[in-house]
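Any value given below was found using the heavy atoms of this structure, including those in side chains, with hydrogens, waters and symmetry copies removed.
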Amino acid sequence: MSIGQIFLILAPIFFVILLGYLAGHFKKFDKQTSKGLNTLVTKFALPAHLFVGVTTTPRKTLIDEWPFLVALILGIVGFYLIILLVVKYAGKHTLTSSSMFALNSAQPTFAFMGIPVLGGLFGAGAVAIPIAITGIVVNAILDPLATILGTVGQRGRKEGEEKTSLFKVTVHSILHGLSEPLACVPLIGVILTLCGFQSPKLLQDMLDQIGSITSGAALFAVGVTIGIGKINFSKGALGIAVLKVAVQPIVMLGIAVWIGLSSDEVTKAILLVAFPGSAVAAMIALRFESLENETASAFVISAILSLITLPLLISWLM
């Protein structure tokens, strides 16, 4: 793909991010209103869009996507576990801070940039399933796992009490992850499709009323978050950002080729993890009061770096 074609695809995307940045920078949005914008995208618009995409996909096509699911589990959850072990034992950090560092290094902002970027490259109809699978992996596996390990790292209780508490934390974290619309809605859509259900035209039209705003609202929300954020160029923040937008895509390339994905699926898998770090992951770190400044700054830094890395990756892969 030529530089001109890449520019035509990415220019509108980065333009909307810039508008959001200006709105955040000039205080038209604050943290509270930005949170509302993120809620609109992640809990309503994108789940509706993904449900239509999944339930209009042929059953056989969905079944054939299992290697893609395995690749994403290895490339996201596996990458998280490797970074956690390195940071904890080589960097000698606590389990909680190691978990937060690894989570922010591994979780992409697929919910905001997946539809516009991949949709521009492959067409909107070809990206709903990969993004839905990513949502299930992140929200039903990665976030609960990071929450469980982060909680374990904060506990210093007696062995018997810790076992009981750990069980409760595990159950609560998994249920919470599955209750997130970005996990449960695509999962319900997958189950229904495997059972032979296909969305009727009326249901598609109803959900498209909210789902159609996904691309613009998501990109604007990314820009707002960057605009209201303060950047701290610490070693931790820079390390997380580089791992996210540079190292993880390389690791995913090896995994995707090893599993034997098609060239288009390899590209989709790499780009899905090459997106900037996730604001959700940064908020989880804030909840644990661990690496709050580093993770928030890493989100902004990775978003800025992606302006360079995404075009380079697209030109290389396509």
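In this structure, the side chain of Ser34 does not engage the main chain of Lys31 through any donor-acceptor pair within 3.5 Å. Although no hydrogens or angles enter the test, the distance criterion places a donor-acceptor pair under 3.5 Å between the side chain of Gln204 and the main chain of Ser199. At distances below 3.5 Å, at least one donor-acceptor pair connects side-chain atoms of Thr96 with backbone N or O atoms of Gly150. In this structure, the side chain of Ser297 does not engage the main chain of Glu294 through any donor-acceptor pair within 3.5 Å.
Between the side chains of Thr33 and Asp30, at least one donor N or O lies within less than 3.5 Å of an accepting N or O.
Side-chain contact between Glu265 and Glu65 is present, with at least one heavy-atom pair separated by less than 4.5 Å. Here the side chains of Pro130 and Phe110 are not in contact, with every heavy-atom distance at 4.5 Å or above. Looking at heavy atoms from C-beta onward, Ser99 lies in side-chain contact with Tyr80 at the 4.5 angstrom threshold.
Residues Val185 and Ile174 do not share a hydrophobic cluster, clusters being chains of Ile/Leu/Val/Met/Phe/Trp/Tyr side chains in contact below 4.5 Å. Residues Leu207 and Ile129 are members of separate hydrophobic clusters, defined by side-chain heavy-atom contacts under 4.5 angstrom among Ile, Leu, Val, Met, Phe, Trp and Tyr. With hydrophobic clusters built from ILVMFWY side chains whose heavy atoms lie under 4.5 angstrom apart, Ile73 shares a cluster with Ile76. Leu145 is connected to Val70 through a chain of hydrophobic side-chain contacts under 4.5 Å among Ile, Leu, Val, Met, Phe, Trp and Tyr, so both are in one cluster. Transitive grouping of hydrophobic side chains (ILVMFWY, heavy atoms separated by less than 4.5 Å) keeps Trp258 and Ile82 in distinct clusters.
Taking the six-membered ring where the residue is Trp, Phe220 and Phe29 present perpendicular rings, their angle passing 60° and hence far from 30°.
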Taking it one step at a time, do Phe101 and Thr295 satisfy side-chain contact (heavy atoms from CB on, under 4.5 Å)?
CA-CA 7 Å; Phe101 187 100; Thr295 54; over 6 Å; no
Under the salt bridge (Lys or Arg N to Asp or Glu O under 4.0 Å) rule, what do Lys60 and Asp64 come out as? Steps first, then yes or no, please.
CA-CA 6 Å; Lys60 183 180 184 305; Asp64 291 342; 2.9 Å; yes
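The OG1 atom of Thr267 sits 4.5 Å away from the CG atom of Leu317 when rounded to the nearest 0.5 Å.
Judged by a 6.0 Å distance limit and a 45° cone about the ring axis, Lys268 is not positioned over the six-membered ring of Phe68.
A salt bridge is defined here as a Lys NZ or Arg NE, NH1 or NH2 lying under 4.0 Å from an Asp or Glu carboxylate O, and Lys201 with Asp205 meets this definition. The pair Glu180-Lys43 counts as a salt bridge, with a side-chain nitrogen and a carboxylate oxygen less than 4.0 angstrom apart.
Residues Thr193 and Thr55 approach most closely at OG1-CA, 3.4 Å, considering heavy atoms. Nearest approach of Asn139 to Pro144, heavy atoms of both residues: O-CD, 3.3 Å.
A side chain to side chain contact (heavy atoms under 4.5 Å, CB included) with Ile270 is found for exactly one of Val251, Ile250, Leu253, namely Leu253.
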